[in-house]
Amino acid sequence: MTHAVSAPLAASRSGALTGRLRVPGDKSISHRALMLGALATGVTRIRGLLEAEDVINTARAVSALGAPARRVGDLWEVLGRGTGGLRQPEAPLDFGNSGTGTRLMMGVIAPHDMTVTMTGDASLSKRPMRRVLAPLKEMGLEVEGDADRLPLTVRGSSRLVPIAYTLPVPSAQLKSAILLAGLGTAGETTVVEREATRDHTERMLRHFGAKVESVAEDGVTRITIRGEAELEGREVTVPGDPSSAAFLVAAALIVPGSDVTIEGVLVNPTRTGFYTTLLEMGGDVTFLNAREEGGEPIADIRARFSTLQGVTVPAARAPSMIDEYPILAVVAAFARGATRMEGLGELKVKESDRLAATAAGLAANGVKAEVDGDTLTVHGAGRVPGGGLVATHLDHRMAMSFLVMGLAAEQPVTVDDTAMIATSFPEFRALMDGIGARFEEGDL
Ligand code: S3P
């Protein structure tokens, strides 16, 4: 998918941000709902699917694999083909900017007798795929030319062998790819996790009727799926994305006088490390009306302007807030004292090298910060000079994080490109405008 031409935007110091709103559906859950819907028999109906480029690319991919996904009124419907029932697509599958779509789909494709070429944009084509391909190859997937980057061509097989695999990196994408391959493989496939990563795949597989066991023992979790199980089409409700809500919550905390409530946000503990950290920093964040929706915990999140202190964020928390470090770094710049974020190695292989890009964005806006190995330390001074131009490197979260910075900085903050925001949060601009954020289209 090609993106709109680069569109710079400046964010300026705003008055109090106020309002009650919802954010769009969770990206991780949306990808999984489409994929499991395609692998189930019968119709899956999805309420609240995230209609952003990354997820739309997954919808196109499952459709091209013979399981049509389309919007019907308020819902999305997927007509499933059953476990092992997908068919050879006629053209390469284009995943745009989405690592999740690509990596999970490798697991979906693996147990099928078909050859599929996968492509993506310039950012995705730089990201490592070997971490996923290595275990899938052990199971029997073939990869043309032993490639590690997109574009690449994989050949699946209906006779994969089950494996037991210890994740070398804490990656839910990797875990999910193996479990999805295991779903179509006779026997039991086991993934061993040393650090808990988001568990939406396990939860949703169970929701669709698969047998998935998670056993925590001796400091690791062993997740086992019984293969060649039949899934049945289900109703899925997608809660609000906590990674999108993070930008609104952050903005409310740093803009004086703000008071913002976001309704129906996913608060699965494998996703809430950012919120835990904000509370430790002294952030006025409250969780209201906690309830369950579609097998996932949700709540309304209220955030009010706060005086914040720097904290140390331990490496063990990284998987539960892996996408939130750029926005946490922005919040930390407005706190007093140092915020030390440890164990950020995985940030280097996201949509951009987020460790380097975040440090550069902070520096461009007069914030003292340093990177030491996998640790980022931001020296908060309670104020941010701003005035900088931030390079977003085809990365939606870089763009949104630094726009939020501009809402409370002394001088406007400009990001070089906002087109990529559509990959995860197309409503960002309108929702932020609605609570009082000041943005201005600019020339570079
Ligand atoms: C995701 C897992 C994370 C995260 C990504 C979505 C998922 O990646 O960064 O945005 O849906 O499984 P890793 O699991 O590779 O860290």
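We count ligands from 1, going down the list as the structure has it; atoms in each ligand are counted the same way. Since we're looking at a predicted model, the values are computed, not measured. For this chain, numbers begin at 1 and follow the sequence in order.
Below 30°, between 30° and 60°, or above 60°: for F247 and F425 the angle between ring planes is between 30° and 60°, a tilted geometry. Between Y275 and F287, the ring planes are perpendicular. Angles over 60° get that label, and only those under 30° would be called parallel.
For atom 3 (C) of ligand 1, the closest heavy atom belonging to the protein is K350 NZ, 3.8 Å. Protein heavy atom at the shortest distance from atom 6 (C) of ligand 1 is T100 OG1, 3.2 Å.
Annotation: A172 places an N or O atom under 3.5 Å from an N or O atom of ligand 1; distance criterion only. Annotation: Q173 places an N or O atom under 3.5 Å from an N or O atom of ligand 1; distance criterion only. The distance criterion of under 3.5 Å between nitrogen or oxygen atoms is met by S171 with respect to ligand 1. Checking only distances, S28 does come within under 3.5 Å of ligand 1, N or O to N or O.
Shown here for P111 and A181, the closest heavy-atom pair between the two residues is CG-O, 3.7 Å.
Using a 4.5 Å cut-off on side-chain heavy atoms (C-beta onward), I327 and F274 make contact.
At a heavy-atom distance under 4.0 Å, only side-chain atoms of R198, from C-beta outward, approach ligand 1. Of all the heavy atoms of R32, the ones lying under 4.0 Å from any atom of ligand 1 belong exclusively to the side chain.
In this structure, Q88 contributes its side chain and T115 its backbone to a donor-acceptor pair below 3.5 Å.
Not a single heavy atom of H200 sits closer than 4.0 Å to an atom of ligand 1. Ligand 1 is approached by D323 to a heavy-atom distance shorter than 4.0 Å.
Expressed to the nearest 0.5 Å, how far OG1 of T166 lies from CD of E193 amounts to 10.5 Å.
Taking a cutoff of 4.0 Å between a charged side-chain nitrogen and a carboxylate oxygen, R155 and E144 qualify as a salt bridge.
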